[in-house]
Amino acid sequence: MELSPTSTCTGFHHIHPRPTPLSFPLTPRVSTAITSSSGGGGRGSQRSSAAAAAAPTPTPTLVDISCNDPQNGCAVDAQRRHSKPYLARKNAILQVQQSPHLDSALQRFGGVLKVQDLNVILRNFGQQSRWQDLSQLFDWMQQHSKISASSYSSYIKFTGTSLNPAKALEMYNSISDESTKNNVFICNSVLRCLVRNGKFDSSMKLFRKMKHNGLIPDAITYSTLLAGCMKVKDGYSKALDLVQELNYNGLQMDSVMYGTLLVVCASNNRCEEAQSYFNQMKDEGHSPNIYHYSSLLNAYASGGNYKKAEELVQDMKSSGLVPNKVMLTTQLKVYVRGRLFEKSRDLLVELDTLGFAKDEMPYCLLMDGLAKTGCIDEARSVFNEMKEKCVKPGGYSYSIMISSFCRGGLFEEAKELAEEFEAKYDKYDVAISNAILCAYCRAGEMESVMRTMRKMDELAISPDYNTFHILIKYFCKEKLYMLAYQTMEDMHRKGHQPAEELCSSLLFHLGKIKAHSEAFSVYSMLKYSKRTMCKAFHEKILHILIAGKLLKDAYVVVKDNAKFISSAAIKKFAKSFVKLGNINLINDVLKVIHGSGYKIDQRLFQMAVSRYIAQPEKKDLLLQLLQWMRGQGYVVDSSTRNLILKNAHLFGQQFIAEILSKKHMMSKALKSHWMTKG
DNA sequence: GTAGGGTTAG
């Protein structure tokens, strides 16, 4: 049973390549209008080579020429207007960029190239994803001291793009010059690199360190960090902190930051806040683009606020923007979330007419909404409708339907659909794998469960919380309790916290099969997780530990949770411990029990004394016990006293005289009684 | 002469 793939990468990333940016399916006439009014900062158009070529360049710079085709007439004209050294550098740039042997090219042309020329080449390598050459050139620049702050920021940026945040960080840490290390461009590059690679917490930690070391953050710094809040738990409050800090530093939000903030609000169910940021943005003179509108619309979806959504779409149309596929699909989401299934269906028809329903996504939205409202039959018919329309179903629609069937108790149908998926498709990720696993588990298909687990292993799909949960529940159902336990251990190691009821059920069964220490381990997993634990849990594990004679562990449980444990259970524990537990801890146990408000009865004292008599070398402990008893007002009853006297030879006369002093004599008032809560 | 964002599904 291998549930912990050795690979640390997740299968999800293998299966889903980085999505390519969506293009707007708009008519050319409208699209021009949108591009000019989109107000997105114009970053994209600045970087497009078409725009660069079209831009008027009265006095071409080295950068411009290096990007042009040398055969181009314009460039030839430009060449004539420049000095020889200039042309030599321009030529050297091209030679180095185009040379198949970077080493020798640098040897030949390196002397001519200035730092800014090398930076041009560096960025060129980065843009072309020539990572090997990028590193090699950067090393060369370092070795020849032809390096500037720009070299660092570009290099770090591209190292982040090539998904190597550790390398970028290492580079940054290796900078010894303080002013270079505090250069805002370089810092922004490093932070961006961490954020991009999903290391938001690290980026915030580094950010604090940078500020401490003298960085003065600018708007881009905050914008970069804000972007990290989008895919992070509790991103909204983190984003708010950043906004507060940037305002405190006298910086202003721009349309990029507002865009990011709207996404954060939408994914954190902050509908009203999204709206207020949207308005604030407009008040400050930034005109929203289609992304701003879509994000706000998405925020409305979480509240199912379809009236506002419709107003927003109207508002957007009157501002001259045309709803695109994403916008309309998001509007469908609003209707689905608002349970307006008639409107949803109508909109789906409209999407289809516009050619926007060619993939499964809008169908998935509707199916999922229907299924979660209990309308499984309707969901099934949308699924079939989608298949009839030759829309290719994929992992999403299958996982929605399989999970719905499982939830609705239609296990056979779920299993059949899982088999259908396996027969027709070979794209797996953790979500579809979980749905398939769930179906096979509920249908009791052990062979298929095991096969699916092996498949996940082979494809390096990391099991997630749900995977573990499904499997543990299933193994319990099949009475494979040790397997369930091992799976739970694995789950715990991976940082997932199992739910209380699952722990409770497994713990109970482990106790039954006398897997006492395993049961205690389950108890500990729950106890040291952030989850709540029901009070009865402590007593449950206490009985198991007593049965397994794991008395030291039982002692810890009692010590920490006595107030949640019944007096009968405490009594049972005390008896077991004094009888069989570690002799060195007997006094401590008695003190703890007394300290939690229980009176200790004479039979227990007598048992303790018997233990000490059996091991006379522990006579100091006996003495301590008797002294403690005296201090707490307990007395030694006659039978215990007789027991000690009978064994007087083991302890010595003086000892006996001390312990049998008058204060220890039995008083009638304290006689009798088993422990009673004080 | 360098650095920032993005909308929809399980």
Side-chain angles (χ1 to χ4, degrees), chain A residues 19 21-22 24 38 40-41 43-44 61-63 115-116 119-120 122-123 126 147-158 160 180 183-193 195-196 217-230 253-264 266-267 274 288-299 301 316 323-334 336-337 351 356-357 359-369 371-372 393-404 429-435 438 466:
Chain A
L22 287 166
F24 299 152
S38 61
R43 190 170 53 87
T61 66
L62 209 45
V63 180
V115 174
Q116 59 264 41
N119 287 341
V120 168
L122 199 69
R123 288 194 296 278
I147 202 153
S148 68
S150 320
S151 325
Y152 280 104
S153 59
S154 298
Y155 180 70
I156 290 170
K157 169 183 155 174
F158 287 119
T180 309
N183 177 298
V184 71
F185 289 90
I186 295 176
C187 290
N188 290 348
S189 276
V190 183
L191 294 172
R192 162 80 179 122
C193 173
V195 163
R196 227 193 120 104
D218 66 4
I220 306 289
T221 319
Y222 288 104
S223 182
T224 304
L225 293 169
L226 267 178
C229 299
M230 287 188 299
M253 299 262 288
D254 62 15
S255 99
V256 172
M257 287 193 247
Y258 277 114
T260 307
L261 211 47
L262 288 172
V263 176
V264 172
S267 53
N289 63 21
I290 193 134
Y291 291 102
H292 295 112
Y293 277 106
S294 298
S295 302
L296 179 57
L297 191 65
N298 192 29
M316 190 187 88
N324 62 8
K325 183 169 94 169
V326 175
M327 187 82 185
L328 290 173
T329 308
T330 309
Q331 199 181 352
L332 177 68
K333 179 177 162 181
V334 176
V336 168
R337 292 285 157 89
L351 276 160
F356 291 163
D359 64 45
E360 59 173 351
M361 197 190 288
Y363 298 94
C364 285
L365 280 165
L366 183 53
M367 277 156 46
D368 191 47
K372 285 192 175 142
Y396 276 94
S397 52
Y398 274 93
S399 89
I400 289 166
M401 288 316 297
I402 294 170
S403 308
S404 310
D429 60 24
V430 71
I432 185 67
S433 304
N434 285 346
C438 188
N466 292 323

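Below, chains carry the letters A, B, ... as their sequence lines are ordered, and counting in each starts from 1.
Distance from the side chain of A:L365 is smallest to B:dA9 among B:dA9, B:dG10, B:dG4. Of the candidate nucleotides B:dA3, B:dT2, B:dG6, B:dT2 has the atom lying nearest to any side-chain atom of A:A149. The side chain of A:V263 approaches B:dG6 more closely than any other nucleotide in the set B:dG6, B:dG4, B:dA9. Taking every side-chain heavy atom of A:K372 into account, B:dG10 is the closest of B:dG10, B:dG6, B:dT8. The nucleotide whose nearest atom lies closest to any side-chain atom of A:M257 is, among B:dG10, B:dG4, B:dA3, B:dG4. When the nucleotides B:dT8, B:dT7, B:dG5 are ranked by their closest atom to the side chain of A:S294, B:dT7 comes out on top. When distances run from any side-chain atom of A:M230 to the nucleotides B:dT8, B:dG5, B:dG4, the shortest one goes to B:dG5. In this structure, the nucleotide among B:dT7, B:dG5, B:dT2 sitting nearest to the side chain of A:R123 is B:dT2. Which of B:dT8, B:dT2, B:dG10 sits closest to the side chain of A:D429 comes down to B:dG10. Side-chain atoms of A:N298 lie closest to B:dT8 of the nucleotides B:dG6, B:dG10, B:dT8.
Using a 4.0 Å heavy-atom cutoff across all strands shown, A:A227 reaches sugar-phosphate atoms only and no base atom. A:S403 comes within 4.0 angstrom of nothing in the nucleic acid, heavy atoms only. Contact annotation for A:M367: no contact, since no heavy-atom pair falls under 4.0 Å across all strands. The residue A:I156 sits apart from the nucleic acid: no heavy atom pair falls under 4.0 Å. Heavy atoms of A:Q331 sit nowhere under 4.0 angstrom from any nucleic acid atom. No engagement by A:D359 is indicated, since no non-hydrogen atom pair under 4.0 Å with the nucleic acid exists. The residue A:N434 sits apart from the nucleic acid: no heavy atom pair falls under 4.0 Å.
A donor-acceptor contact under 3.5 angstrom links the side-chain atoms of A:Y396 to the base of B:dG10. Judged by distance alone, with hydrogens and angles left aside, A:T260 brings no side-chain donor or acceptor close enough to the base of B:dG5 to form a pair under 3.5 Å. The base of B:dG4 is paired with the side chain of A:S223 by a donor and an acceptor separated by under 3.5 Å. Side chain A:S295 to base B:dT7: no donor-acceptor pair is found below 3.5 Å.
Taking all atoms of both residues into account, the shortest heavy-atom contact from A:Q331 to A:L297 is N-CD2, 3.7 Å. The two residues A:T224 and A:N188 come nearest to each other via the heavy atoms CG2-O, 4.2 Å. Nearest heavy atom pair, residue A:H292 against residue A:S255, reads NE2-O, 3.0 Å.
Checking side-chain atoms of A:S223 against main-chain N and O of A:A219 turns up no donor-acceptor pair under 3.5 Å.
Both geometric conditions, a ring-centre gap below 5.5 Å and a plane tilt below 30°, are fulfilled for A:F185 over the base of B:dT2.
Atom CD in A:E360 sits 9.5 Å away from atom OH in A:Y398 (nearest 0.5 Å).
The phosphate of B:dT8 (OP1 or OP2) has no side-chain N or O of A:K333 nearer than 4.0 angstrom. Between A:R192 and B:dG5 there is a side-chain polar atom (N or O) within less than 4.0 angstrom of OP1 or OP2.
Residue A:Y363 contributes atom OH, which lies 17 Å from atom P of B:dA9 at whole-angstrom precision. Straight-line distance from the CZ atom of A:F158 to the P atom of B:dA3: 7 Å, rounded to whole Å. For the pair A:L297 CG and B:dA9 P, the computed distance is 11 Å after rounding to whole Å. Note: CG (A:L225) to P (B:dA3) measures 17 Å, nearest angstrom. Atom-to-atom, CD1 of A:I290 to P of B:dT7 comes out at 13 Å; the value is rounded to the nearest Å. Computed from coordinates, the A:L191 CG to B:dG5 P distance equals 12 Å when rounded to whole Å. For the pair A:I400 CD1 and B:dG10 C1', the interatomic distance rounds to 5 Å; values are reported in whole Å. Counting to the nearest Å, the P atom of B:dT8 and the CG atom of A:L366 are 18 Å from each other.
Every residue two or more places apart in sequence or in another chain that forms a side chain to side chain donor-acceptor pair (under 3.5 Å) with A:S151 is listed here: A:N119, A:S148. Partners of A:Y155 according to the ring pair (Phe, Tyr, Trp, His ring centres under 6.0 Å) rule, which considers only residues two or more places apart in sequence or in another chain, are A:F138.
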